[in-house]
Amino acid sequence: SAVISQKPSRDICQRGTSLTIQCQVDSQVTMMFWYRQQPGQSLTLIATANQGSEATYESGFVIDKFPISRPNLTFSTLTVSNMSPEDSSIYLCSVPAGREKLFFGSGTQLSVL
Amino acid sequence: GENVEQHPSTLSVQEGDSAVIKCTYSDSASNYFPWYKQELGKRPQLIIDIRSNVGEKKDQRIAVTLNKTAKHFSLHITETQPEDSAVYFCAASSVQTGANNLFFGTGTRLTVIP
């Protein structure tokens, strides 16, 4: 399994501010995925980050709100912009672990006041 | 797109009993069905998966069954232990939507009572 380092592990932020979450993988991967897990809910895919191209966003998520960077094959960032309390969630990055499987980072617990 | 439904949302069993969690999916093109276990405050971890060319798969106390015709699949845990307590998520994906693009169910919180 890949080793994924996700930072920060948790943060408490004021509404209107932005937070950038970092995801570092110990091996090169073509795709990285960003998921959101709202309190007590399931995991929802926000976007797929490919190195060298713009991220592909799922329905309901837009680049202005969740800009993503993918500068190389081992690193990605997700920014949660202009935060509101509704953005309070766990944000997880994940990478493929084989043809279909996913391996998840430890997540970032975000609370917005 | 794919819609995965999962039941029950919560499940309590006595230690040693069996637990069954059921999921249905909507996209007949889905061909990969993993199950993830998420302990409190930890990342989701893959515990077992099944592909559409197989009807059943077993790994020690855990088994998964798939009924392609009815579009449902189930997780079976036998001889449950307290450490099985966690939230379990089913998921589905297909080559068309992207093999690693998993659609998750809403989760089942399993509590094993010692």
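Keep in mind that this is a model prediction, so the values were computed, not measured. Residue numbers begin at 1 in each chain, while the letters A, B, ... track the order of the sequences.
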Donor-acceptor pair between [X] and [Y] side chains, under 3.5 angstrom:
| X | Y | result |
| --- | --- | --- |
| A:Gln51 | A:Gln28 | no |
| A:Thr77 | A:Gln22 | no |
| A:Gln6 | A:Thr108 | yes |

When only pairs under 4.5 Å are counted, which of B:Ala91, B:Pro44, B:Gly105 shares the most heavy-atom pairs with chain A?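 Greatest number of close heavy-atom pairs with chain A: B:Pro44.
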Under the criterion salt bridge (Lys or Arg N to Asp or Glu O under 4.0 Å), I'd like the reasoning laid out for A:Lys65 against A:Asp87: C-alpha separation, chi angles, the key distance, then a yes or no. CA-CA 10 Å; A:Lys65 176 66 175 177; A:Asp87 294 320; 2.6 Å; yes
Under 4.5 Å from any heavy atom of chain A - which part of [X]:
| X | answer |
| --- | --- |
| B:Arg51 | side chain |
| B:Gln6 | neither |
| B:Pro34 | neither |

Should the ring pair A:Tyr35 and B:Phe104 be called parallel, tilted or perpendicular, given that the plane angle runs from 0 to 90° and is split at 30 and 60?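 Perpendicular, since the angle between the ring planes exceeds 60°.
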Would you mind telling me which of A:Met31, A:Gln41, A:Gln37, A:Gln109 has the largest number of heavy-atom pairs within less than 4.5 Å of chain B?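 Looking at each option in turn, the highest pair count goes to A:Gln37.
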Segment of [X] engaging chain B (4.5 angstrom heavy-atom cut-off):
| X | result |
| --- | --- |
| A:Phe104 | both |
| A:Leu45 | side chain |
| A:Leu92 | side chain |

Closest non-hydrogen atom pair, A:Ala49 against A:Ser76: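 Scanning both residues, the minimum pair turns out to be CB-OG, 4.0 Å.
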